[in-house]
Q: 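For reference, the structure I am asking about is given below.
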Protein chains: 2
Amino acid sequence: MFSKACEYGIRATTFIALQSLRNRRVSLKEISQEVGSPMAFTAKILHQLAKNDILESTKGPSGGFQISMERIHTIKLADLVLAIDGNSIYEGCGLGLRKCNASKPCPVHFKFSVIRKELKTMLQGTSLFELAQDLETGVTHLKR
Amino acid sequence: MFSKACEYGIRATTFIALQSLRNRRVSLKEISQEVGSPMAFTAKILHQLAKNDILESTKGPSGGFQISMERIHTIKLADLVLAIDGNSIYEGCGLGLRKCNASKPCPVHFKFSVIRKELKTMLQGTSLFELAQDLETGVTHLKR
DNA sequence: CTATATTAGGATAAATTTGTCCTAAATGAT
DNA sequence: ATCATTTAGGACAAATTTATCCTAATATAG
(Lines give C-alpha, C1' and ligand atoms only; values in the text may rest on other atoms or scores of the structure.)
Protein backbone atom coordinates (compact mmCIF):
# COMPACT_ATOMS: atom_id res chain seq x y z
CA MET A 1 0.00 0.00 0.00
CA PHE A 2 2.68 2.48 1.09
CA SER A 3 6.32 2.53 0.06
CA LYS A 4 8.95 1.35 2.53
CA ALA A 5 10.04 4.97 2.82
CA CYS A 6 6.53 5.95 3.84
CA GLU A 7 6.26 3.14 6.38
CA TYR A 8 9.54 4.20 7.99
CA GLY A 9 8.47 7.82 7.81
CA ILE A 10 5.21 7.23 9.65
CA ARG A 11 6.87 5.10 12.30
CA ALA A 12 9.66 7.63 12.82
CA THR A 13 7.32 10.60 12.92
CA THR A 14 5.04 8.88 15.41
CA PHE A 15 8.03 8.26 17.65
CA ILE A 16 9.21 11.85 17.31
CA ALA A 17 5.72 13.07 18.13
CA LEU A 18 5.60 10.95 21.27
CA GLN A 19 8.95 12.29 22.45
CA SER A 20 7.98 15.84 21.56
CA LEU A 21 4.94 15.48 23.79
CA ARG A 22 7.44 14.70 26.55
CA ASN A 23 9.43 17.74 25.48
CA ARG A 24 12.33 15.66 24.23
CA ARG A 25 14.17 16.27 20.97
CA VAL A 26 15.46 13.01 19.52
CA SER A 27 18.41 12.14 17.31
CA LEU A 28 18.35 10.16 14.10
CA LYS A 29 20.30 7.43 15.89
CA GLU A 30 17.71 7.02 18.61
CA ILE A 31 14.85 7.22 16.15
CA SER A 32 16.13 4.54 13.82
CA GLN A 33 16.93 2.30 16.77
CA GLU A 34 13.52 2.66 18.38
CA VAL A 35 11.69 2.29 15.12
CA GLY A 36 13.84 -0.45 13.60
CA SER A 37 14.67 1.37 10.38
CA PRO A 38 17.96 1.72 8.48
CA MET A 39 19.65 4.87 9.77
CA ALA A 40 20.96 6.53 6.61
CA PHE A 41 17.76 5.81 4.70
CA THR A 42 15.71 7.17 7.56
CA ALA A 43 17.84 10.32 7.46
CA LYS A 44 16.73 11.00 3.89
CA ILE A 45 13.10 10.54 4.78
CA LEU A 46 13.27 12.77 7.84
CA HIS A 47 15.08 15.36 5.79
CA GLN A 48 12.26 15.36 3.31
CA LEU A 49 9.66 15.62 6.05
CA ALA A 50 11.56 18.58 7.49
CA LYS A 51 11.53 20.27 4.10
CA ASN A 52 7.77 19.76 4.04
CA ASP A 53 7.35 21.48 7.40
CA ILE A 54 6.31 18.34 9.16
CA LEU A 55 9.41 18.10 11.34
CA GLU A 56 11.83 20.64 12.77
CA SER A 57 15.47 19.63 12.69
CA THR A 58 18.41 21.04 14.64
CA LYS A 59 22.05 20.33 13.95
CA GLY A 60 24.87 20.05 16.43
CA PRO A 61 25.20 18.47 19.87
CA SER A 62 21.86 17.75 21.49
CA GLY A 63 20.37 18.37 18.07
CA GLY A 64 17.79 16.15 16.44
CA PHE A 65 14.18 16.19 15.38
CA GLN A 66 11.06 17.49 17.06
CA ILE A 67 7.52 18.66 16.35
CA SER A 68 5.76 21.59 17.95
CA MET A 69 2.81 20.89 20.21
CA GLU A 70 0.50 22.68 17.85
CA ARG A 71 1.69 20.76 14.80
CA ILE A 72 1.30 17.43 16.57
CA HIS A 73 -2.41 18.14 16.58
CA THR A 74 -2.72 19.61 13.10
CA ILE A 75 -0.52 17.16 11.17
CA LYS A 76 -2.52 14.24 9.83
CA LEU A 77 -1.39 10.91 8.45
CA ALA A 78 -2.48 12.20 5.05
CA ASP A 79 0.17 14.92 5.24
CA LEU A 80 2.94 12.40 5.84
CA VAL A 81 1.81 10.15 3.04
CA LEU A 82 1.52 13.09 0.66
CA ALA A 83 5.01 14.35 1.57
CA ILE A 84 6.65 10.97 0.98
CA ASP A 85 4.59 9.01 -1.55
CA GLY A 86 2.94 11.91 -3.33
CA ASN A 87 -0.69 11.83 -4.31
CA SER A 88 -0.67 8.67 -6.42
CA ILE A 89 -2.52 6.77 -3.72
CA TYR A 90 -5.34 9.29 -3.94
CA GLU A 91 -5.27 10.11 -7.61
CA GLY A 92 -3.93 7.22 -9.65
CA CYS A 93 -6.13 4.73 -11.48
CA GLY A 94 -6.36 1.35 -9.80
CA LEU A 95 -5.41 -0.34 -13.05
CA GLY A 96 -2.70 2.15 -14.01
CA LEU A 97 -4.60 3.88 -16.82
CA ARG A 98 -3.37 7.39 -17.47
CA LYS A 99 -6.72 8.87 -18.18
CA CYS A 100 -9.32 7.15 -16.12
CA ASN A 101 -12.23 9.14 -14.73
CA ALA A 102 -15.94 8.92 -14.15
CA SER A 103 -16.73 9.66 -17.78
CA LYS A 104 -14.21 7.17 -19.19
CA PRO A 105 -13.60 4.77 -16.32
CA CYS A 106 -11.58 1.58 -16.07
CA PRO A 107 -13.52 -1.55 -15.09
CA VAL A 108 -12.78 -1.11 -11.40
CA HIS A 109 -13.01 2.67 -11.25
CA PHE A 110 -16.15 3.12 -9.18
CA LYS A 111 -15.51 0.26 -6.81
CA PHE A 112 -12.04 1.60 -6.18
CA SER A 113 -13.27 5.13 -5.70
CA VAL A 114 -15.32 3.98 -2.74
CA ILE A 115 -12.39 2.30 -1.02
CA ARG A 116 -10.01 5.10 -1.79
CA LYS A 117 -12.35 7.72 -0.47
CA GLU A 118 -12.57 5.87 2.81
CA LEU A 119 -8.81 5.52 2.93
CA LYS A 120 -8.44 9.22 2.32
CA THR A 121 -10.99 10.09 4.97
CA MET A 122 -9.20 7.87 7.44
CA LEU A 123 -5.78 9.37 6.69
CA GLN A 124 -7.12 12.91 6.85
CA GLY A 125 -8.86 12.19 10.13
CA THR A 126 -5.93 10.66 11.96
CA SER A 127 -3.61 13.11 13.74
CA LEU A 128 -0.10 12.54 14.97
CA PHE A 129 -1.41 13.24 18.44
CA GLU A 130 -3.76 10.31 18.25
CA LEU A 131 -1.00 7.97 17.05
CA ALA A 132 1.48 9.19 19.65
CA GLN A 133 -1.00 8.81 22.49
CA ASP A 134 -1.69 5.19 21.67
CA LEU A 135 2.05 4.64 21.82
CA GLU A 136 2.31 6.49 25.13
CA THR A 137 -0.33 4.34 26.77
CA GLY A 138 1.43 1.21 25.55
CA VAL A 139 -1.53 0.20 23.41
CA THR A 140 0.52 0.19 20.22
CA HIS A 141 4.09 -0.53 19.16
CA LEU A 142 6.53 0.61 16.50
CA LYS A 143 9.33 -1.89 16.31
CA ARG A 144 9.35 -4.80 13.95
CA MET B 1 -1.83 -0.27 -4.41
CA PHE B 2 -1.19 -3.05 -6.92
CA SER B 3 2.04 -3.82 -8.75
CA LYS B 4 2.33 -2.96 -12.43
CA ALA B 5 2.26 -6.68 -13.12
CA CYS B 6 -1.06 -6.94 -11.33
CA GLU B 7 -2.52 -3.95 -13.17
CA TYR B 8 -1.56 -5.45 -16.52
CA GLY B 9 -2.82 -8.83 -15.36
CA ILE B 10 -6.24 -7.53 -14.44
CA ARG B 11 -6.58 -5.55 -17.66
CA ALA B 12 -5.45 -8.49 -19.79
CA THR B 13 -7.68 -10.96 -18.01
CA THR B 14 -10.69 -8.71 -18.32
CA PHE B 15 -10.09 -8.46 -22.05
CA ILE B 16 -9.66 -12.22 -22.36
CA ALA B 17 -12.88 -12.73 -20.41
CA LEU B 18 -14.77 -10.41 -22.71
CA GLN B 19 -13.51 -12.24 -25.81
CA SER B 20 -14.18 -15.62 -24.24
CA LEU B 21 -17.78 -14.56 -23.71
CA ARG B 22 -17.85 -14.03 -27.47
CA ASN B 23 -16.27 -17.45 -27.87
CA ARG B 24 -13.00 -16.02 -29.16
CA ARG B 25 -9.58 -17.18 -28.09
CA VAL B 26 -7.08 -14.32 -28.19
CA SER B 27 -3.34 -14.18 -28.77
CA LEU B 28 -0.79 -12.45 -26.59
CA LYS B 29 -0.20 -10.01 -29.40
CA GLU B 30 -3.81 -8.92 -29.58
CA ILE B 31 -4.12 -8.79 -25.81
CA SER B 32 -1.12 -6.55 -25.24
CA GLN B 33 -2.23 -4.29 -28.07
CA GLU B 34 -5.77 -3.92 -26.81
CA VAL B 35 -4.71 -3.46 -23.25
CA GLY B 36 -1.67 -1.28 -23.86
CA SER B 37 0.83 -3.43 -22.00
CA PRO B 38 4.38 -4.50 -22.94
CA MET B 39 4.09 -7.80 -24.79
CA ALA B 40 6.92 -9.87 -23.33
CA PHE B 41 6.17 -8.74 -19.82
CA THR B 42 2.50 -9.51 -20.30
CA ALA B 43 3.48 -12.98 -21.48
CA LYS B 44 5.08 -13.71 -18.11
CA ILE B 45 2.03 -12.54 -16.25
CA LEU B 46 -0.40 -14.55 -18.38
CA HIS B 47 1.83 -17.57 -17.99
CA GLN B 48 1.60 -17.25 -14.25
CA LEU B 49 -2.15 -16.82 -14.37
CA ALA B 50 -2.36 -19.96 -16.49
CA LYS B 51 -0.33 -21.86 -13.92
CA ASN B 52 -2.81 -20.68 -11.31
CA ASP B 53 -5.76 -22.05 -13.26
CA ILE B 54 -7.14 -18.64 -14.04
CA LEU B 55 -6.48 -18.83 -17.78
CA GLU B 56 -6.26 -21.64 -20.29
CA SER B 57 -3.48 -21.33 -22.83
CA THR B 58 -3.06 -23.08 -26.17
CA LYS B 59 0.07 -23.10 -28.30
CA GLY B 60 0.31 -23.13 -32.05
CA PRO B 61 -1.56 -21.42 -34.87
CA SER B 62 -4.87 -19.95 -33.73
CA GLY B 63 -3.63 -20.55 -30.20
CA GLY B 64 -3.88 -18.04 -27.40
CA PHE B 65 -5.65 -17.52 -24.12
CA GLN B 66 -9.21 -18.12 -23.04
CA ILE B 67 -11.37 -18.67 -19.98
CA SER B 68 -14.23 -21.12 -19.67
CA MET B 69 -17.73 -19.74 -19.29
CA GLU B 70 -18.01 -21.25 -15.86
CA ARG B 71 -14.73 -19.81 -14.64
CA ILE B 72 -15.62 -16.34 -15.87
CA HIS B 73 -18.32 -16.38 -13.24
CA THR B 74 -16.36 -18.01 -10.44
CA ILE B 75 -13.06 -16.14 -10.78
CA LYS B 76 -13.00 -13.01 -8.66
CA LEU B 77 -10.64 -10.05 -8.72
CA ALA B 78 -9.26 -11.35 -5.45
CA ASP B 79 -8.05 -14.50 -7.23
CA LEU B 80 -6.09 -12.46 -9.77
CA VAL B 81 -4.51 -10.27 -7.14
CA LEU B 82 -3.57 -13.27 -5.04
CA ALA B 83 -2.03 -15.06 -8.02
CA ILE B 84 0.12 -12.08 -9.00
CA ASP B 85 0.82 -9.99 -5.91
CA GLY B 86 0.39 -12.66 -3.26
CA ASN B 87 -1.43 -12.03 -0.02
CA SER B 88 0.61 -9.09 1.23
CA ILE B 89 -2.22 -6.70 0.46
CA TYR B 90 -4.49 -8.68 2.76
CA GLU B 91 -2.02 -9.77 5.39
CA GLY B 92 0.85 -7.34 5.71
CA CYS B 93 1.03 -4.61 8.35
CA GLY B 94 0.32 -1.13 7.05
CA LEU B 95 3.55 0.12 8.58
CA GLY B 96 5.65 -2.90 7.56
CA LEU B 97 5.97 -4.47 11.01
CA ARG B 98 6.65 -8.17 10.86
CA LYS B 99 4.55 -9.08 13.85
CA CYS B 100 1.62 -6.77 14.05
CA ASN B 101 -1.71 -8.08 15.23
CA ALA B 102 -4.66 -7.17 17.38
CA SER B 103 -2.81 -8.04 20.58
CA LYS B 104 0.36 -6.14 19.64
CA PRO B 105 -0.78 -3.68 17.00
CA CYS B 106 1.02 -0.88 15.20
CA PRO B 107 -0.45 2.61 15.61
CA VAL B 108 -2.60 2.31 12.50
CA HIS B 109 -3.55 -1.34 12.84
CA PHE B 110 -7.26 -1.07 13.58
CA LYS B 111 -7.94 1.80 11.24
CA PHE B 112 -6.22 -0.10 8.45
CA SER B 113 -8.04 -3.30 9.25
CA VAL B 114 -11.32 -1.59 8.47
CA ILE B 115 -10.17 -0.33 5.08
CA ARG B 116 -8.48 -3.57 4.17
CA LYS B 117 -11.48 -5.62 5.07
CA GLU B 118 -13.60 -3.54 2.73
CA LEU B 119 -11.00 -3.84 -0.01
CA LYS B 120 -10.98 -7.60 0.46
CA THR B 121 -14.74 -7.79 0.40
CA MET B 122 -14.83 -5.75 -2.78
CA LEU B 123 -12.18 -7.89 -4.50
CA GLN B 124 -13.87 -11.10 -3.43
CA GLY B 125 -17.22 -9.86 -4.60
CA THR B 126 -16.21 -8.74 -8.07
CA SER B 127 -16.27 -11.43 -10.76
CA LEU B 128 -14.60 -11.41 -14.13
CA PHE B 129 -18.06 -11.60 -15.64
CA GLU B 130 -19.02 -8.33 -14.09
CA LEU B 131 -15.86 -6.61 -15.33
CA ALA B 132 -16.18 -8.07 -18.82
CA GLN B 133 -19.80 -7.05 -19.12
CA ASP B 134 -19.07 -3.43 -18.33
CA LEU B 135 -16.49 -3.56 -21.11
CA GLU B 136 -18.95 -5.17 -23.48
CA THR B 137 -21.53 -2.49 -22.99
CA GLY B 138 -18.91 0.19 -23.57
CA VAL B 139 -19.29 1.55 -20.08
CA THR B 140 -15.64 0.96 -19.23
CA HIS B 141 -12.28 0.95 -21.02
CA LEU B 142 -8.94 -0.80 -20.73
CA LYS B 143 -6.42 1.13 -22.74
CA ARG B 144 -4.20 3.78 -21.30
C1' DC C 1 37.24 29.55 20.44
C1' DT C 2 37.57 24.77 19.78
C1' DA C 3 36.14 20.28 19.61
C1' DT C 4 32.40 17.39 19.01
C1' DA C 5 27.92 15.95 17.94
C1' DT C 6 24.55 16.09 14.78
C1' DT C 7 21.85 16.94 10.41
C1' DA C 8 22.44 17.90 5.08
C1' DG C 9 23.27 16.06 1.02
C1' DG C 10 25.82 13.91 -2.85
C1' DA C 11 27.69 9.65 -4.73
C1' DT C 12 27.14 5.08 -5.11
C1' DA C 13 25.70 0.27 -4.30
C1' DA C 14 22.27 -3.44 -3.66
C1' DA C 15 17.78 -5.25 -4.29
C1' DT C 16 13.55 -5.45 -6.52
C1' DT C 17 10.46 -4.63 -10.15
C1' DT C 18 9.71 -3.88 -14.79
C1' DG C 19 10.76 -4.81 -19.37
C1' DT C 20 13.32 -7.09 -23.56
C1' DC C 21 15.31 -10.72 -26.33
C1' DC C 22 16.00 -15.08 -27.84
C1' DT C 23 15.46 -20.10 -28.23
C1' DA C 24 12.69 -24.22 -27.19
C1' DA C 25 8.48 -26.65 -27.22
C1' DA C 26 4.11 -27.55 -28.90
C1' DT C 27 0.21 -27.55 -31.96
C1' DG C 28 -2.79 -26.48 -35.57
C1' DA C 29 -3.12 -25.50 -40.68
C1' DT C 30 -2.02 -27.05 -45.03
C1' DA D 1 4.69 -34.79 -42.53
C1' DT D 2 6.06 -30.13 -42.73
C1' DC D 3 5.91 -25.56 -41.67
C1' DA D 4 4.34 -21.53 -39.65
C1' DT D 5 2.40 -19.73 -35.52
C1' DT D 6 2.01 -19.34 -30.89
C1' DT D 7 3.03 -20.02 -25.85
C1' DA D 8 6.95 -21.44 -22.40
C1' DG D 9 10.68 -20.08 -20.21
C1' DG D 10 15.50 -18.73 -19.41
C1' DA D 11 18.88 -15.04 -19.69
C1' DC D 12 19.58 -10.53 -19.46
C1' DA D 13 18.90 -5.29 -19.39
C1' DA D 14 16.77 -1.04 -17.66
C1' DA D 15 14.42 1.48 -14.24
C1' DT D 16 13.08 2.26 -9.71
C1' DT D 17 13.32 1.72 -4.88
C1' DT D 18 15.88 0.78 -0.94
C1' DA D 19 20.05 1.19 1.47
C1' DT D 20 25.00 2.56 2.53
C1' DC D 21 29.00 5.55 2.78
C1' DC D 22 31.34 9.62 3.05
C1' DT D 23 32.13 14.58 3.41
C1' DA D 24 30.24 19.19 4.29
C1' DA D 25 27.73 22.30 7.00
C1' DT D 26 26.25 23.81 11.38
C1' DA D 27 25.23 24.43 16.04
C1' DT D 28 26.06 23.41 20.90
C1' DA D 29 28.74 22.28 24.86
C1' DG D 30 32.64 23.13 27.33
Side-chain angles (χ1 to χ4, degrees), chain A residues 1-13 15-16 19 24-33 35-67 81 83-86 88-89 92 95-96 144, chain B residues 1-13 16 19 24-67 81 83-86 88-89 92 95-96 144:
Chain A
M1 174 144 289
F2 300 138
S3 68
K4 226 77 181 100
C6 197
E7 293 176 356
Y8 294 151
I10 295 172
R11 277 150 63 187
T13 304
F15 178 71
I16 297 167
Q19 298 303 326
R24 280 192 69 222
R25 185 191 285 162
V26 278
S27 71
L28 168 64
K29 192 178 166 191
E30 183 179 351
I31 295 165
S32 57
Q33 274 171 359
V35 146
S37 63
M39 196 162 91
F41 189 42
T42 305
K44 311 269 179 192
I45 301 163
L46 296 185
H47 178 49
Q48 185 162 0
L49 289 174
K51 277 199 302 186
N52 281 271
D53 284 314
I54 287 172
L55 305 177
E56 297 161 38
S57 71
T58 316
K59 292 178 183 174
S62 83
F65 297 87
Q66 74 204 94
I67 311 174
V81 174
I84 302 173
D85 279 351
S88 66
I89 204 170
L95 296 188
R144 47 182 171 130
Chain B
M1 174 144 291
F2 298 139
S3 69
K4 226 76 181 104
C6 197
E7 292 177 357
Y8 294 150
I10 294 172
R11 278 150 61 186
T13 304
I16 297 167
Q19 298 303 326
R24 282 192 68 222
R25 185 191 285 163
V26 279
S27 71
L28 169 64
K29 191 178 166 189
E30 182 179 353
I31 295 166
S32 56
Q33 273 170 0
E34 290 304 315
V35 145
S37 63
M39 195 162 92
F41 189 42
T42 306
K44 310 268 178 192
I45 301 163
L46 297 185
H47 178 49
Q48 184 162 1
L49 289 174
K51 278 198 305 184
N52 281 270
D53 285 314
I54 287 172
L55 306 175
E56 295 160 41
S57 70
T58 316
K59 293 177 184 177
S62 82
F65 296 88
Q66 73 204 98
I67 311 175
V81 175
I84 301 173
D85 279 353
S88 65
I89 205 169
L95 296 189
R144 53 190 167 121

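Every chain is numbered from 1, with letters handed out A, B, ... down the list of sequences.
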Q: Let me know the distance between CG of A:Leu55 and P of C:dT7, rounded to the nearest Å.
A: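 From A:Leu55 CG to C:dT7 P: 11 Å.
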Q: Just by distance, do the side chain of B:Asp85 and the backbone of B:Ser3 share a donor-acceptor pair under 3.5 Å?
A: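 Present.
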Q: Which atom pairs link the protein and nucleotides 25-30 of chain C when you take only N or O atoms and keep those under 3.5 Å?
A:
{"from": "C:dA26", "atom 1": "O4'", "to": "B:Lys59", "atom 2": "NZ", "distance (Å)": "3.4"}

Q: What parts of residues 27-42 of chain B reach DNA chain D, counting only heavy atoms under 4.0 Å away?
A: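 Of all residues in residues 27-42 of chain B, the ones placing a heavy atom under 4.0 Å from DNA chain D are B:Ser27, B:Leu28.
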Q: Sequence neighbours left out, what passes side chain to side chain donor-acceptor pair (under 3.5 Å) with A:Lys51? Give chain and number order.
A: none
Q: Go through the structure and list residues passing side chain to side chain donor-acceptor pair (under 3.5 Å) with A:Glu30, not counting sequence neighbours.
A: A:Arg24
Q: Restricting to side chain to side chain donor-acceptor pair (under 3.5 Å), what partner residues turn up for A:Ser27, sequence neighbours left out?
A: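 If we apply the side chain to side chain donor-acceptor pair (under 3.5 Å) test to A:Ser27, skipping adjacent residues, there are no hits.
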Q: Within this structure, what is the CD-to-C1' distance between A:Glu56 and C:dT7, rounded to whole angstrom?
A: 14 Å
Q: Whole Å only: how far is the CD atom of A:Gln66 from the P atom of C:dT7?
A: 11 Å
Q: Taking atom P of C:dA13 as reference, at what distance in whole Å does atom NZ of A:Lys44 sit?
A: 14 Å
Q: Taking CD1 from A:Ile45 and P from D:dT18, how many angstroms apart are they, rounded to a whole number?
A: 8 Å
Q: Is it the case that the side chain of B:Arg25 and the backbone of B:Gln66 share a donor-acceptor pair, with hydrogens and angles ignored and the cut-off at 3.5 Å?
A: no
Q: Run the side chain to side chain contact (heavy atoms under 4.5 Å, CB included) test against A:Ala83 and tell me which residues pass, sequence neighbours left out.
A: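 Testing A:Ala83 for side chain to side chain contact (heavy atoms under 4.5 Å, CB included), a comparison that skips the adjacent residues, returns A:Leu49, A:Asn52, A:Ile54.
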Q: According to a strict under-4.0 Å criterion, is B:Tyr8 in side-chain N/O contact with OP1 or OP2 of C:dT18?
A: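 Indeed not, no polar side-chain atom of B:Tyr8 lies that close.
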Q: Separation of A:Phe65 atom CZ from C:dA5 atom P, in whole Å?
A: 18 Å
Q: In whole Å, what is the span from the CD atom of B:Gln48 to the P atom of D:dG10?
A: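 Checked: the CD to P distance equals 13 Å.
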Q: Holding to side chain to side chain contact (heavy atoms under 4.5 Å, CB included), I want the full list of residues that pass it with A:Lys44, two or more places apart in sequence or in another chain.
A: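 None.
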Q: What residues, two or more places apart in sequence or in another chain, satisfy side chain to side chain donor-acceptor pair (under 3.5 Å) together with A:Ser32?
A: none
Q: Report the distance from atom CZ of A:Arg11 to atom P of D:dT18, rounded to the nearest whole Å.
A: 13 Å
Q: Can a side chain N or O of B:Ser57 be found less than 4.0 Å away from OP1 or OP2 on D:dA8?
A: yes
Q: B:Lys4: which residues meet the salt bridge (Lys or Arg N to Asp or Glu O under 4.0 Å) condition with it, sequence neighbours left out?
A: B:Glu7
